[in-house]
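Encoded as structure tokens, the structure appears first; notes follow it.
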Number of protein chains: 2
Amino acid sequence: MYSTDFTKRLLTYRLSLTHLKKVGLNDVYSHLLAGETSHSASLIRKDLSRLQVKGKRRGGYDIDTILQAINAYFGNKERDRIILAGMGNIGKAIIQNKDFEKHNIQIIASFDLNPAIQRKKFSIPVFPMEKCREIVVNYKIDVAILAVPAFSAQSVCDQLIQCGIRGILNFAPVNLKVPDNVYVSNVRLVDELQQVIYHTKQKRKHGEYS
Amino acid sequence: MYSTDFTKRLLTYRLSLTHLKKVGLNDVYSHLLAGETSHSASLIRKDLSRLQVKGKRRGGYDIDTILQAINAYFGNKERDRIILAGMGNIGKAIIQNKDFEKHNIQIIASFDLNPAIQRKKFSIPVFPMEKCREIVVNYKIDVAILAVPAFSAQSVCDQLIQCGIRGILNFAPVNLKVPDNVYVSNVRLVDELQQVIYHTKQKRKHGEYS
DNA sequence: TAGATTGTTAATCGATTAACAATC
DNA sequence: TAGATTGTTAATCGATTAACAATC
């Protein structure tokens, strides 16, 4: 079982490699990828060895081979289908983002408590929460994006789990309580920004150029 | 110098403590906060000791004292003012999010290359990039949110830095190249989701309930 | 008092890095 | 060949945890 850090790094590698490929490269040295991703060459070699990707002793690694290995690691075969709960600002921004489709992730439906929103036309159907179980079961959905206001987040989360959801990407500023068999990851926009502000100030104080 | 992990945990504590306070509590035990945040009681006590917050040997910690210490750590005095580059879906979702204001972060202006967008009415003014230096200098702005499309991310990033920006919260799926004195943090929505999907599948396979 | 919790020290654990032999 | 890079092992580093004395 590899760490979540490893999994995260793989996606960073993929981003850089896709870029390098577009720019015309076929091979990378570990130290080149290091410069692109701000991970050390040593760590990259270790990660690639964990992925069982073999390089050429003096010619670096074949980019396509790495990309294939990364995609295989994430299970690139079938399209992943997920649902969205909450059609507020964040929910709308998410369904308009084409990057998910590009990576074979399809948001098949959305849920919202507000009937006015249910009646509006979006690129995906919007249902009331009552429809959730039906869709999760019929389409065998495992993962949901939770983008509802903080005050209803725990309750909607509970409902999603009740319906069979086992993985949640949560945008609400709340520490969700979930059973052990449910995986939750939080995107806390305010916290992210606060951290950038904090670390920027620190850099000013202690940085090389202060 | 504390780790970025420590800084991140503090914001998680704050979220839970604010919640617990609203629910009517005045004090917390380390193990209670542990249950809320999914960090160990031991780590929480260590973090609080790093923050120089003292508890009562048998009565736990005073919530307000912790909250004050956390806010002091982040420098709660003055309001932080930042700018936004890119008024696409994500940019719009961000300026509509009231949580930033709640935490004393003010987005004072936005920039977009598209003149049509510049003319639209939003809750904050939208300028062409040429105005950037003027605003960054006049208002002494350090931090920017970068929410432009991937293809222009590096170029807009370079311009921001040119104007004096030293901290960037980047939403574009790109590994930005920046000088050493600039702090960058990335929010990769697609990657976050891909990780949730991956870990959810893994839990199915290896989890307690498989 | 007995029991429970803090605060801190020492031990553990795991992730990253350094180093270098293998090899193209 | 000489030089450069991989692949792996051992060393380091730091973060987390365990343990427990202090104490309310």
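Here is the naming used below: chain letters follow the sequence lines, and residue numbers restart at 1 for every chain.
Ring centers of B:Phe6 and B:Tyr73: under 6.0 Å apart, within the cut-off.
Under the salt bridge (Lys or Arg N to Asp or Glu O under 4.0 Å) criterion, A:Lys56 pairs with A:Asp27, not counting sequence neighbours.
Atom OH of A:Tyr139 is surrounded by 12 or fewer heavy atoms from other residues, nucleotides or ligands within 6.0 Å.
For residues 13-40 of chain A, proximity to DNA chain C is found at A:Ser40, defined as any non-hydrogen atom under 4.0 angstrom from a strand atom. Looking at residues 52-71 of chain B, you'll see B:Arg57, B:Arg58 sit with a heavy atom under 4.0 Å from some atom of DNA chain D.
A donor-acceptor contact under 3.5 angstrom links the side chains of A:Asn175 and B:Ser16, judged on distance only. A:Asp142 and B:Thr200 form no side-chain donor-acceptor contact under 3.5 Å, judged by distance and modelled atom types alone. In summary, the side chains of B:Arg14 and A:Gln194 do present a donor paired with an acceptor at a separation below 3.5 Å, with no hydrogens or angles considered.
Salt-bridge annotation for B:Lys203 and A:Asp180: absent, with no side-chain N of the basic residue lying under 4.0 Å from a carboxylate O of the acidic one. Salt bridge status for B:Lys8 with A:Asp191: absent, with no side-chain N to carboxylate O gap under 4.0 Å.
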Using atom types as modelled, flag every donor-acceptor pair under 3.5 Å from a side chain in residues 81-101 of chain A to any protein atom, sequence neighbours excluded.
from	atom 1	to	atom 2	distance (Å)
A:Gln96	NE2	A:Lys92	O	3.2
A:Asn97	OD1	A:Asp99	N	2.8
A:Asp99	OD1	A:Lys102	NZ	3.3

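For DNA chain C, the contact window with chain B, defined by any atom under 4.0 Å from a protein heavy atom, covers C:dG3 to C:dA10 in 5' to 3' order.
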| Candidate pair B:Gln68 and B:Asp64, rule side-chain hydrogen bond (donor to acceptor under 3.5 Å, both in side chains), full reasoning | CA-CA 6 Å; B:Gln68 277 163 34; B:Asp64 281 328; 5.5 Å; no
| Taking it one step at a time, do B:Ile168 and B:Val143 satisfy side-chain contact (heavy atoms from CB on, under 4.5 Å)? | CA-CA 6 Å; B:Ile168 294 175; B:Val143 172; over 6 Å; no
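Tested against B:Tyr198, the residues A:Thr7, A:Leu10, A:Asp80 include a single side-chain contact (heavy atoms from CB on, under 4.5 Å) partner, A:Thr7.
In DNA chain D, runs of at least 3 consecutive Watson-Crick or G-U pairs, each pair with both distances below 3.5 Å, span C:3-24 with D:3-24.
If you check every strand for non-hydrogen atoms under 4.0 Å, A:Arg50 touches nothing.
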